[in-house]
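Residue numbers begin at 1 in each chain, while the letters A, B, ... track the order of the sequences.
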Amino acid sequence: MSESVLPVSAQGVAALLNEIGQRMELGGESPFKSRTYFSAAENLLAHSVPLAQVVAQGKLKSISGVGEGIAEKIIKLHKTGTHPTLEFLREQFPAGVLDLMKIPGLGPKKAAALYQSLKIASLADLEAACLAEKLAAEKGFGAKLQAKILESLAFQKRNEGLVKINVGHTRAFASSRALRGRHPSIKDVIPAGDVRRGCEVCGPVDLVVVMDDETADAVLESSAEFRVTISPSKSLGAALLFATGTDGHVSTLRALAHAKGIELTPESMRRGTDELPCSTEAEIYAALGLHFIEPELREGRGEIERAKLSACPRLIEDKDLRGILHCHTVFSDGANTLDEMAEATRKLGFEYFGVCDHSQSAAYAGGMRIEKVRAQHALADELNRGYHGKRFRVFKGVESDILEDGALDYPAEQLDAFDFIVASVHSRFQLDRAAQTARIINAVSNPHTTILGHATGRLLLQREPYDVDVEAVLQACGEHGVAVEINADPHRLDLDWRWHQRALELGCMLAINPDAHDTAGLLNQKWGVINARKGGVEAKHVLNCMDLAGIEKHFEKRKQAARG
DNA sequence: GCCGTTTTCGGCCCGACTGTTTTCAGTCG
């Protein structure tokens, strides 16, 4: 390592502040103190001015949650990548103890206790202790927790090597940029595989390197997290097709080709000794008598049979979205104000912004009591007066908790004051299937409900969906005219794309919602669009592809119906 | 550690569940 360190980015500094906070928790510091570090990190990330500029201008303390002490730490972390306080804390616990806290059921107290009593300093240590039944014998632990930990370690193992779509994309495009400079004969590097198919979780990076100089192959080697296919331009279509997959899709295509006397390989397409053109995938599908199949649909789920009969639908694209619904602000657990969020949305070219802060039961997320709702509505009215004539509107929404019995979180007269309502489950995940299903059906049967939020509650690679009869819920949404959310947060992407077609068959509209907690989160929309494409969704199926006039009418119609 | 003052220290987001206890601490959302 060289002495001169590049300034650490805001993201890097935020990660280090979070580490300080976590280590303070482990050390038993006041939870208020560690929480300050977490919120400073969050607000630093949400701050619109570049960190280097804020530091240079001495304006760190203008960031909420940053005072004298944390400002000094941010400066040192930014300039050197560390801080004496952090180094001191790092001496108390090995890094592996932080990993323990990622296991559900293990918080800072329990993680610290396990390190101190059993010297558990990694997930491997933890697993060994559980298998040896040592954990259950510890004070404060028991057989149930031990079993739950083993289960979640197994869950992690199943998902080993997988990353969420946003990380997958960053990785693939960064490696592709890096490779491009590697050799002068490289013409292009195209991410394929899971990334190109728009999968919600991605395995190793697949790249197709386009180069016509075959002697240069040796400069590129595949590895465990990296698979490279080298292809000349003339057979790029074939190479891309094979590298994109899935195996199921490709093997069905090959069988189809075989039946037509065509041999299809990653290097070529031939009929007997005749080379057929395959520089694009379109040429290959055409030669096989198929309409072109978009990469997102190539999952071996009947798409080839459908492509024999008709062209694939014009899948939704980013530009089809006209507005944004379901976002948070400082009125609950968001980091930006309502006007910052609305203005950022308008600048992205959208026609409307639907604010949906948490409802009163979500106390942990700063859920709004009725007085706070009134204040937000007054502010929204004021902003809308300012937007008059600018073809932009703020809609007064709310993300209402679905209570245990399926009721929404405000009395009916209050519900009536909102323009629209996203109803979501945030508690009681462990209800049995029948109760959970009945609860959600009850919520979507409420005439005030406009959209069902994150229908299954899954957190990708972190938490399984709650046990619910999705078919029955979608059927109820269809019957009651409730749109089903495709939550575009890359941690969720819920409703799962495998259910999208069924939802449409049952008469549901879909809504692609970013669930943004700051202005940067508005860009989540792109993951939602990719996911919807994977589900075969078209713009006409999506609520927020309606223009401003259209959605005003939709909300108004539902409100009239709710008033009966 | 920050914040906002009833300007110098007390409050900070809190209620419910879960598994462990044997009356509650820790975790979670």
J.: Please list each protein N or O that sits under 3.5 Å from an N or O in nucleotides 4-6 of chain B, with the distance.
T.:
none

J.: Please measure how far the C1' atom in B/dT5 lies from the corresponding atom in B/dC12, and state the result in whole Å.
T.: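 Between the two C1' atoms, the distance is 14 Å.
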J.: If the cut-off is 4.0 Å, is A/Gln430 near the phosphate of B/dC17, judged by side-chain N/O to OP1 or OP2?
T.: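 No, outside the criterion.
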J.: Check this for me, if you would: do A/Lys157 and A/Glu127 make a salt bridge, where the nitrogen-to-carboxylate-oxygen distance has to be below 4.0 angstrom?
T.: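 Looking at A/Lys157 and A/Glu127, the cut-off is met.
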J.: Mind checking the C1' distance from B/dC28 to B/dT22? Whole angstroms is fine.
T.: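 Their C1' atoms lie roughly 24 Å apart.
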J.: Would you please classify the geometry between the A/Tyr352 ring and the A/Phe395 ring as parallel, tilted or perpendicular, with 30° and 60° separating the classes?
T.: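 Taking A/Tyr352 first and then A/Phe395, their aromatic rings stand perpendicular (interplane angle over 60°).
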J.: Counting only N and O atoms by type, is there a donor-acceptor contact under 3.5 Å from the side chain of A/Gln525 to the main-chain atoms of A/Ile512?
T.: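 At least one qualifying donor-acceptor pair exists.
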J.: Applying the side chain to side chain contact (heavy atoms under 4.5 Å, CB included) criterion to A/Ile165, which one of A/Asn531, A/Val201, A/Ile530, A/Thr170 satisfies it?
T.: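 With A/Ile165 as partner, A/Asn531, A/Val201, A/Ile530, A/Thr170 yield a single side chain to side chain contact (heavy atoms under 4.5 Å, CB included), made by A/Ile530.
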J.: Below 4.0 angstrom, N of the basic side chain to O of the carboxylate: do A/Lys148 and A/Glu151 qualify?
T.: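 Between A/Glu151 and A/Lys148 there is no salt bridge, as every charged N stays at least 4.0 Å from the carboxylate O atoms.
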J.: Quick test of your reading of the model: are A/Asp419 and A/Lys559 salt-bridged, counting only N-O distances below 4.0 Å?
T.: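 Result for this pair is no, no salt bridge flagged.
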J.: Of the options B/dT20, B/dC12, B/dC17, whose atoms approach the side-chain atoms of A/Phe32 most closely?
T.: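 So the nucleotide nearest the side chain must be B/dC12.
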J.: Using Watson-Crick or G-U wobble geometry with both distances under 3.5 Å, which nucleotide pairs with B/dG15?
T.: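 Its partner is B/dC28.
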J.: How long is the span from the CD atom in A/Gln146 to the NZ atom in A/Lys134, to the nearest 0.5 Å?
T.: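 Result: 11.0 Å between the selected atoms.
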J.: Which ones in residues 39-53 of chain A lie close to DNA chain B, meaning a heavy atom under 4.0 Å from one of its atoms?
T.: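 Heavy-atom contacts with DNA chain B come from no residue of residues 39-53 of chain A; none.
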J.: When you measure from the side chain of A/Leu145, which nucleotide among B/dC2, B/dT20, B/dC17 comes out closest?
T.: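 Of the candidates, B/dT20 comes closest.
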J.: Roughly, in whole Å, what's the span from CZ in A/Arg23 to P in B/dG1?
T.: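 Checked: the CZ to P distance equals 17 Å.
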J.: Please give, in whole Å, the distance from B/dC13 P to A/Asp401 CG?
T.: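 After rounding, the reported distance stands at 18 Å.
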J.: Below 3.5 Å is the cut-off: list the nitrogen or oxygen pairs between protein and nucleotides 24-29 of chain B, distance only.
T.:
unit_1	atom_1	unit_2	atom_2	d
B/dT27	OP1	A/Gly107	N	2.6
B/dT27	OP1	A/Gly107	O	3.1
B/dT27	OP1	A/Lys110	N	3.0
B/dT27	OP2	A/Lys109	N	3.4
B/dT27	O5'	A/Gly107	N	3.3
B/dC28	OP1	A/Gly105	N	2.4
B/dG29	OP1	A/Arg463	NH1	3.2
B/dG29	O3'	A/His426	O	2.4

J.: How close or far is atom P of B/dC2 from atom CD of A/Glu72, stated in whole angstroms?
T.: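 So the two atoms are 10 Å apart, to the nearest Å.
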J.: Check for me whether the distance between the ring centres of A/Phe418 and A/His377 falls short of 6.0 Å.
T.: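 Yes: the rings meet the under 6.0 Å criterion.
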J.: Rounding to the closest angstrom, what is the interatomic distance between B/dT20 and B/dA16 at atom P?
T.: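 To the nearest whole Å, 22 Å.
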J.: With the 90 degree cut-off around zero defining syn, does B/dT8 come out syn or anti?
T.: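 Base orientation relative to the sugar is syn.
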J.: Mind checking the P distance from B/dC13 to B/dG19? Whole angstroms is fine.
T.: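 That atom pair is separated by 29 Å.
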J.: Indicate whether any N or O donor in one side chain lies under 3.5 Å from an N or O acceptor in the other, for A/Glu340 and A/Thr519.
T.: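 Looking only at side-chain atoms, A/Thr519 and A/Glu340 do not form any donor-acceptor pair under 3.5 Å.
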J.: So, does A/Asp318 use its side chain to make a donor-acceptor pair with the main chain of A/Lys526 at under 3.5 Å?
T.: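 Not at all, since once roles are kept as given, no pair shorter than 3.5 Å links the two residues.
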J.: Please report, rounded to the nearest Å, how far the C1' atom of B/dT20 is from the CD1 atom of A/Ile149.
T.: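 Answer to the nearest Å: 13 Å.
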J.: What pairs of residues pass the salt bridge (charged side-chain N to carboxylate O under 4.0 Å, His left out) test when at least one of them lies in residues 98-108 of chain A, not counting sequence neighbours?
T.: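 Sorted result for residues 98-108 of chain A: A/Asp99-A/Lys102.
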J.: A/His358 has an atom NE2; how far is it from atom P of B/dG15, in whole Å?
T.: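 It is 17 Å, rounded to the nearest whole Å.
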J.: Starting at CD of A/Gln360 and ending at P of B/dG15, how long is that distance when rounded to a whole Å?
T.: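 From A/Gln360 CD to B/dG15 P: 13 Å.
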J.: Flag the pair A/Lys110 and A/Glu138 as a salt bridge only when some basic side-chain nitrogen lies within less than 4.0 angstrom of an acidic carboxylate oxygen.
T.: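 Looking at A/Lys110 and A/Glu138, the cut-off is not met.
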J.: Answer with base, sugar-phosphate or nothing: what part of the nucleic acid does A/Glu68 contact at a heavy-atom distance below 4.0 Å?
T.: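 Sugar-phosphate: the residue A/Glu68, judged by heavy atoms under 4.0 Å, touches backbone atoms but no base.
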J.: Using the C1' atom on both, measure B/dG1 against B/dT6 and round to a whole Å.
T.: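 Approximately 22 Å lies between the C1' atom of B/dG1 and that of B/dT6.
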J.: Write down the distance between OH (A/Tyr37) and C1' (B/dC2), rounded to a whole number of angstrom.
T.: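 After rounding, the gap between these two atoms is 11 Å.
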J.: Provide the distance between the two C1' atoms, one in B/dC14 and one in B/dT8, to the nearest whole Å.
T.: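 The same atom, C1', in both gives a distance of 27 Å.
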J.: Does A/Lys119 qualify as a cation-pi partner of A/Tyr115, given the criterion of NZ or CZ under 6.0 Å from the six-membered ring centre and within 45 degrees of its axis?
T.: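 Yes - A/Lys119 lies over the ring of A/Tyr115, closer than 6.0 Å to its centre and within 45° of its axis.
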J.: How far, in whole Å, is B/dC9 from B/dG15 if one measures between their C1' atoms?
T.: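 Comparing C1' positions in B/dG15 and B/dC9 gives a spacing of 27 Å.
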J.: Set out, line by line, the N/O atom pairs under 3.5 Å between protein and nucleotides 7-9 of chain B.
T.:
none

J.: Take atom C1' in B/dC17 and the same atom in B/dG11, then report the distance between them in whole Å.
T.: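 B/dC17 and B/dG11 have their C1' atoms separated by 26 Å.
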J.: Is A/Ala143 touching bases, backbone alone, or none of the nucleic acid, heavy atoms closer than 4.0 Å?
T.: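 It contacts sugar-phosphate atoms only.
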J.: Closer than 4.0 angstrom, basic N to acidic O: yes or no for A/Arg90 and A/Glu19?
T.: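 A salt bridge links A/Arg90 with A/Glu19.
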J.: Under the side chain to side chain donor-acceptor pair (under 3.5 Å) rule, what pairs show up with a residue in residues 449-464 of chain A, not counting sequence neighbours?
T.: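 Every side chain to side chain donor-acceptor pair (under 3.5 Å) pair that includes a residue of residues 449-464 of chain A, provided the two are not neighbours, is A/Glu399-A/His454, A/His426-A/His454, A/Thr456-A/Asp494, A/Arg458-A/Asp496.
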J.: Verify the contact: side-chain N or O of A/Arg428 to OP1 or OP2 of B/dC17, cut-off strictly under 4.0 Å; return yes or no.
T.: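 Yes, A/Arg428 has a side-chain N/O under 4.0 Å of OP1/OP2 on B/dC17.
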J.: Within the structure provided, determine whether A/Gln92 and A/Arg23 are in side-chain contact (heavy-atom separation under 4.5 Å).
T.: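 No, every pair of side-chain atoms sits at 4.5 Å or beyond.
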J.: Over how many whole Å does the gap from A/Ile70 atom CD1 to B/dC3 atom P extend?
T.: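 It is 9 Å, rounded to the nearest whole Å.
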J.: Going by the glycosidic torsion and a 90 degree boundary from 0, is the base of B/dT7 oriented syn or anti?
T.: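 Chi for B/dT7 falls in the syn range.
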